[in-house]
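Presented below is the structure to which this report refers.
None of the values given here were measured: they were computed from a predicted structure. All values below were derived from every heavy atom in this structure, side-chain atoms included, with hydrogens, water molecules and symmetry-related copies excluded.
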Amino acid sequence: MLPPDFQDILACVPQAVVRLGPDLRVEWVEPDFASKTGVSLQVGELVLSALEGGWGRDALERALREGRGHSGHVITSGLKQVRVQARPSRPGSAPGAWLFFEPSGADDDLAFAQALQEIAREVGETLDVDSVCKAAVLAVVRCAQVRRAEVYLAEEGQPLRRVAVSDLASVDSPEDALENHADSFEAALITRQPQIGVQRGYGDAVGSIFAAVPLLSQKRALGLLVLYKEQGTSFSLRELDLWSAAAGQVAVTVENARLLREAQAALRVREEFMSIASHELKTPLTPLKLTLYSMERRLVQGQPVELSSVMKSKRQVERLAGLVNDLLDVSRLELGRLSLQPAPLEVGHLVAEVVDQFRHAFERPFTLTVPSERLWVQGDRDRLEQVLVNLLENAHKYSPTGEPISVEVESLSSEARIHVRDRGIGIPVPDQTRLFQRFYRAANSSHRHFGGLGLGLFISHSIARLHGGSLSLSSAEGQGSTFSLGLPRMTVNEVRRLPRRVLLLDEDPSHEQVAERVLRAEGFEVLTAQEGVEGLRRASFLPVDLVLLSASAAPTQLGIFLAAFAELPRARPIPIVLAGATRPAWAQPDYALCSRPYREAELLAAVRAMLTYPEERARAHERASSVKHLEGVPADSSMPS
């Protein structure tokens, strides 16, 4: 006979006890079963109805029906995780089994609160990201019945990176392979909800059930808290609530740690910038001040001021102006106030002009490769010239003296791309992803050896993006660098609507007016200039498609014009049409000829023939060659191209 206080003793035992019959129905249940498990179970009720379906319940049912002992974990209908043990009846006793239910995991409110306090205390003692994550996984393992915990962080644009694991001795275990978890991890990050998955075992190892709980900030998922249990042991909803709360604490601390780290990095950048800026501003100011003092002293003494002193001062002022303009551009970009004035722009012409400036300014070989077709973009000429100048200046600055710099204009289906290649010091791989940031300078380009504020590439990259394009880099340290500027091309229809430009040089105003009227009536844009120098000045800024030149102009004027025209920076040959009765002796064979006084039909025919696109002329030449070849006539290699 049981002692009268047996029921009181059972109430003090954490296990809840149930007696089952052979049909798995309840024959006896202790009075405190509901308070211990959260499930109300009545005599005569099938015990399996109080359990959630899953591996744990299936394993328990098989053991009970086979009359053998069992130990495992199940989830109750109250969504709590419990450990269950089955003891079959002794031989000779009534058939059936005893079941013992014991809470498992952090399901009760007390354990829930204690776990959160423990995790909060651990992660609150540091503001280093990696230290926060390590403290979190150790606190999780201490507070709950999980055998392993990990933290993964998701850097923007980078794959998940594991930063902390509770059992450091087994960091090389096979379960570290992310591909086995990829789907569950990705689902947790996208849905911002915990995901449960299975990690299979390797060899004799026992597999695991894991829960991937997202670390959520207000704006995005920062990473994952991943928890592992032995296979057969699942996670209850209450536990997932706990780990979501714990992950929230970790996420807040990680975000704070990141903000602190970024603030510290910003302070370091500011201090470095102030150091570089003061050095850069003093560099031109010091010689400028000395030169001005010298000029002042000479003027006081009645001595003439040397032109070289004025030129030196001017160069230093221009350098200061460049530094100030860079700072102003950065400020405008930050405020979103850097405006563009886009207009149709022929890329080859612009590049040729900028490269020509550098050829004359520096004793260094520059090579230029431009496709025969014209590449039109909608761009702000001054801003794109600023980008090209910056890229060429960098190539010159970081290359040994005498090493060539090559510039190539590439024609793609929807993009015009400009490549600037040098054979300089190159850029280390770790620096390449940060090179377009403000004030950033590669580790191998100290400002004491190479001047500058570290703003040029940031501004150039921003200007490229404002044009809908891109600025990219390919480099290897010690082998040089290639910067590529890509700009969206204008469509074929947009290009066809652009007017063709003709530079008209005629010494007789009446003839000039006739030619201008005829050409404008046909949709041409005409630049008129009776002075050769003025015409060249206009042609150097605007891409001219053709020059209409009076053959009867004064020889001196023509000579000056043609000599200077030959030196004009341009990407491609510009056709010339001579207006006169006969071809002068000095005229090149490829110059076209039309009569003067101008006859409308003849003038337009000559201009249109010379303005045919080079690729169209090449195709016409190929067709003509093919026809002659078929007829048995040798192809004429002297045919105009």
Side-chain angles (χ1 to χ4, degrees), residues 266-335 337-338 353-364 366 382-383 385-403 405 422 424-425 431 435-463:
L267 288 174
R268 287 194 299 271
V269 169
R270 189 191 68 173
E271 292 171 358
E272 183 179 359
F273 165 70
M274 294 302 295
S275 173
I276 294 173
S278 60
H279 171 79
E280 288 296 316
L281 291 171
K282 286 180 181 177
T283 299
L285 275 175
T286 301
L288 178 61
K289 185 190 299 183
L290 293 175
T291 303
L292 289 175
Y293 282 156
S294 175
M295 293 169 63
E296 182 185 29
R297 187 167 55 252
R298 293 182 67 86
L299 289 172
V300 169
Q301 295 174 356
Q303 299 176 356
V305 174
E306 298 177 351
L307 179 61
S308 61
S309 298
V310 177
M311 298 301 295
K312 289 178 182 178
S313 299
K314 181 182 177 183
R315 283 196 297 271
Q316 302 302 338
V317 170
E318 289 173 348
R319 182 172 179 180
L320 278 172
L323 294 173
V324 173
N325 286 335
D326 281 349
L327 291 172
L328 289 174
D329 283 344
V330 170
S331 177
R332 295 187 188 106
L333 286 167
E334 290 293 323
L335 297 174
R337 295 179 181 173
L338 186 67
E353 182 180 341
V354 175
V355 171
D356 189 71
Q357 294 172 5
F358 275 79
R359 279 201 186 102
H360 289 86
F362 302 107
E363 296 181 359
R364 178 190 296 279
F366 288 83
D382 292 337
R383 289 299 181 183
E385 181 177 349
Q386 179 182 352
V387 174
L388 292 173
V389 167
N390 180 262
L391 296 181
L392 287 170
E393 283 182 344
N394 282 349
H396 172 70
K397 183 192 303 183
Y398 297 115
S399 298
T401 303
E403 285 289 342
I405 294 172
D422 65 66
I425 62 175
D431 293 317
L435 199 64
F436 298 119
Q437 297 178 5
R438 289 181 308 161
F439 310 126
Y440 188 78
R441 300 171 65 87
N444 61 343
S445 61
S446 167
H447 72 273
R448 298 188 182 279
H449 299 93
F450 303 100
L453 295 174
L455 294 175
L457 289 177
F458 167 75
I459 295 171
S460 298
H461 185 259
S462 301
I463 291 174

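Taking every heavy atom of both residues into account, Phe362 and His396 meet most closely at CD2-NE2, 3.2 Å. Smallest separation of non-hydrogen atoms from Val389 and Phe358: O-CZ, 3.7 Å. Of all heavy-atom pairs spanning Gly424 and Pro400, the tightest one is CA-CD, 3.9 Å.
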N/O donor-acceptor pairs under 3.5 Å from side chains in residues 291-299, not counting sequence neighbours:
{"from": "Thr291", "atom 1": "OG1", "to": "Pro287", "atom 2": "O", "distance (Å)": "2.8"}
{"from": "Arg298", "atom 1": "NE", "to": "Pro304", "atom 2": "O", "distance (Å)": "2.8"}
{"from": "Arg298", "atom 1": "NH1", "to": "Gln303", "atom 2": "OE1", "distance (Å)": "3.4"}
{"from": "Arg298", "atom 1": "NH2", "to": "Pro304", "atom 2": "O", "distance (Å)": "3.1"}

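Legend: residues meeting side chain to side chain contact (heavy atoms under 4.5 Å, CB included) with Asn394, ordered by chain and number and at least two apart, are Asn390, Lys397, Tyr398, Leu457. Take Arg383 and apply the side chain to side chain donor-acceptor pair (under 3.5 Å) test, not counting sequence neighbours, and it matches Asp329, Gln386.
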| Do Asp356 and Phe366 pass the side-chain contact (heavy atoms from CB on, under 4.5 Å) test, and can you show the C-alpha distance, the side-chain angles, and the key distance before you say yes or no? | CA-CA 9 Å; Asp356 189 71; Phe366 288 83; over 6 Å; no

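Side-chain N or O atoms of Arg364 include one that pairs as donor or acceptor with a backbone N or O of Glu403 at under 3.5 Å.
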